[in-house]
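A short write-up of the structure that comes next.
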There are 2 protein chains.
Amino acid sequence: MTEKIMARSKVDFPPDQSIGYLIRATYRTYIQDLEARLAEHDIPIGMWYFLRALWHQDGVTQRELSERVGSMGPTTAEQLNNIEARGYIVRKRSDTDRRKIHVHLTPKGRKLRDTLLPLAQRNNSDALRGFTAAEIETLRLSLFRIMENFGPRRANIGASRESMQNGKHKPVATRD
Amino acid sequence: MTEKIMARSKVDFPPDQSIGYLIRATYRTYIQDLEARLAEHDIPIGMWYFLRALWHQDGVTQRELSERVGSMGPTTAEQLNNIEARGYIVRKRSDTDRRKIHVHLTPKGRKLRDTLLPLAQRNNSDALRGFTAAEIETLRLSLFRIMENFGPRRANIGASRESMQNGKHKPVATRD
DNA sequence: TCGAATTAGTTCGGAGCCTAACTAATTATG
DNA sequence: CATAATTAGTTAGGCTCCGAACTAATTCGA
């Protein structure tokens with residue numbers, strides 16, 4: 001009764017018409033779903049991205065991991081501490097450049113891949129249930145374009161340009 | 001040199017081909033951009049969503065705010081504490097139901113709207129630079145469909161169905 | 001070659017968000 | 001009407017993530 005609806009006053013820009021709002025909401029439903037799936041295997045979401053990157057390529061440095069996962073140094077360090085404590089990885093100082101630390105999966109960590117990677121695939125295909133291949137490609141391109149619009153230098157946080165397998169990716173403002 | 005590329009072995013599912021990964025990456029670029037814009041006005045991102053919801057409709061309860069923003073009770077409580085401490089809102093226990101607390105903007109809080117809301121609009125239009133209206137609509141529908149796929153009961157976290165102004169929204173699995 | 005700049009990683013502190021467990025008020029039910 | 005179930009909000013604690021400031025190693029340039 002004390003509610004005042006200001007909606008139509010002056011500038012009306014309801015939250016749910018903002019693309020940022022939608023992206024956030026979509027992200028949250030996605031992440032909560034994934035979190036629940038991983039919880040069944042006792043894997044905190046924070047570890048997930050790093051394990052995933054390591055299954056894809058083993059032995060990379062922490063710096064490279066940060067880039068691939070899209071996280072900052074401290075986050076990477078912390079998660080690697082957790083993952084190491086569980087015995088999924090070992091860290092080896094580089095011989096040629098002693099600043100660098102290479103991260104290697106242990107057999108235990110490597111074994112996880114077979115049980116956990118299908119989770120990501122199911123999560124993925126569940127998300128896209130009912131989408132045609134063309135719709136998926138359109139969506140992917142749109143997300144790429146948004147990332148590039150937000151900050152060209154950041155557009156490769158989540159995925160590298162060349163990952164668009166069939167180079168249909170329209171190069172938007174490549175910023176030489 | 002100690003790197004082993006496992007990419008092509010067995011199940012190859014590179015991170016950047018996962019839609020979840022792309023959504024996460026897009027969300028992160030978006031949120032970091034918004035965070036930076038808000039920082040110039042000394043508004044932490046955590047407050048933003050609640051202020052935004054209150055500018056849209058004032059005097060709602062904390063419960064309603066939680067629903068609109070898509071956050072859980074404790075998050076709402078904490079952010080409202082912060083916002084209240086800054087003098088942007090006051091909380092009033094309901095007379096008719098003393099469990100409820102209605103949240104009201106102060107003049108100070110209301111005034112913020114004029115300076116801050118345009119930020120959201122700029123953030124929005126920057127994100128979508130180069131998109132046609134049709135492309136935007138397609139993207140919005142895709143995000144809605146993903147949310148519904150992840151969990152029908154959650155699909156209204158970020159935006160209510162009727163917010164799709166021109167009812168083109170294909171009702172996917174409306175759950176009776 | 002030696003000091004400055006850069007690079008890799010860590011430590012610290014804090015923001016944001018959640019779940020679990022709680023209190024208080026209201027509503028439903030026998 | 002009394003008790004149980006539900007609803008609104010809070011408190012406590014944990015996970016995720018980041019920026020700032022730091023150490024150590026390497027590279028650059030005068």
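Note: hydrogens, waters and symmetry copies are ignored here, and every other heavy atom, side chains too, is used. Every chain is numbered from 1, with letters handed out A, B, ... down the list of sequences.
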Open item on the list: Angle between ring planes, B:Trp55 versus B:Trp48, binned at 30° and 60°: parallel, tilted or perpendicular?
Closed with: perpendicular

Task: Nearest-Å distance for atom pair CD/C1', residues B:Glu67 and D:dG9 - done: 14 Å

Task: Which nucleotide in C:dG9, C:dA25, D:dC18 has an atom nearest any side-chain atom of B:Gln32 - done: D:dC18

Open item on the list: Using side-chain heavy atoms (C-beta onward) and a distance below 4.5 Å, is A:Leu65 in contact with A:Leu54?
Closed with: yes

Open item on the list: If I take atom NZ in residue A:Lys92 and atom P in nucleotide C:dG9, what distance separates them, rounded to the nearest angstrom?
Closed with: 15 Å

TODO: Tell me which nucleotide among D:dA8, C:dC18, D:dT10 gets nearest to the side chain of B:Arg91.
DONE: D:dT10

TODO: Select one nucleotide: of D:dC17, C:dG9, C:dC17, the one nearest the side-chain heavy atoms of A:Gln62.
DONE: C:dG9

Task: Touch class at under 4.0 angstrom, heavy-atom based, for B:Glu78 against every strand present - done: base

Open item on the list: If you only use heavy atoms from C-beta on, which nucleotide in C:dT6, D:dC17, D:dG19 is closest to the side chain of A:Arg99?
Closed with: C:dT6

Open item on the list: Nearest to the side chain of B:Thr75, heavy atoms from C-beta on, is which of C:dC18, C:dG9, C:dG16?
Closed with: C:dC18

Task: same_hphob_cluster(A:Leu34, B:Met72) at 4.5 Å side-chain heavy-atom cutoff - done: no

Task: Phosphate OP1/OP2 of D:dT6 contacted by B:Arg63 side-chain N/O (<4.0 Å) - done: no

- [ ] Starting from C1' on D:dT16, measure out to CG on A:Leu51 and report it in whole angstrom.
- [x] 15 Å

Open item on the list: Between A:Glu137 and A:Arg140, does any NZ, NE, NH1 or NH2 come within less than 4.0 Å of an OD or OE carboxylate oxygen?
Closed with: yes

Task: Spacing of B:Ile31 atom CD1 relative to D:dG19 atom C1', expressed in whole Å - done: 16 Å

- [ ] Keeping to residues at least two apart or across chains, list the salt bridge (charged side-chain N to carboxylate O under 4.0 Å, His left out) pairs with something in residues 71-83 of chain B.
- [x] none

Open item on the list: If you only use heavy atoms from C-beta on, which nucleotide in C:dC18, D:dT16, C:dT6 is closest to the side chain of A:Pro44?
Closed with: D:dT16

- [ ] Could you state the atom-to-atom distance from CG of A:Leu65 to C1' of D:dC17 in whole Å?
- [x] 16 Å

- [ ] Among C:dA20, C:dA8, C:dG16, find the nucleotide with the atom closest to the side chain of A:Lys100.
- [x] C:dA8

- [ ] Just compare D:dG19, C:dG9, C:dC18 and give me whichever is closest to any side-chain atom of A:Met72.
- [x] D:dG19

Open item on the list: Can you identify which nucleotide, out of C:dA20, D:dT16, D:dA25, has its nearest atom closest to the A:Asp97 side chain?
Closed with: D:dA25

Task: Atom pair distance, as rounded to whole Å: CD1 in B:Ile43 and C1' in C:dA15 - done: 14 Å

Task: A:Arg68 CZ - C:dA8 C1' separation (whole Å) - done: 16 Å

Open item on the list: By nearest atom, which of the nucleotides C:dT10, D:dT26, C:dC18 is closest to the A:Arg98 side chain?
Closed with: D:dT26

Open item on the list: On DNA chain D, compare the nucleotides closest to B:Arg93 and A:Gly46; which residue's is nearer the 5' end?
Closed with: B:Arg93

TODO: Starting from C1' on C:dC18, measure out to CG on A:Leu38 and report it in whole angstrom.
DONE: 16 Å

- [ ] Looking at every strand, decide which applies to B:Ser71 at a 4.0 Å heavy-atom threshold: base, sugar-phosphate, or nothing.
- [x] sugar-phosphate

- [ ] Inspect the contact between A:Arg37 and A:Asp126 and indicate whether a charged nitrogen and a carboxylate oxygen are less than 4.0 angstrom apart.
- [x] yes

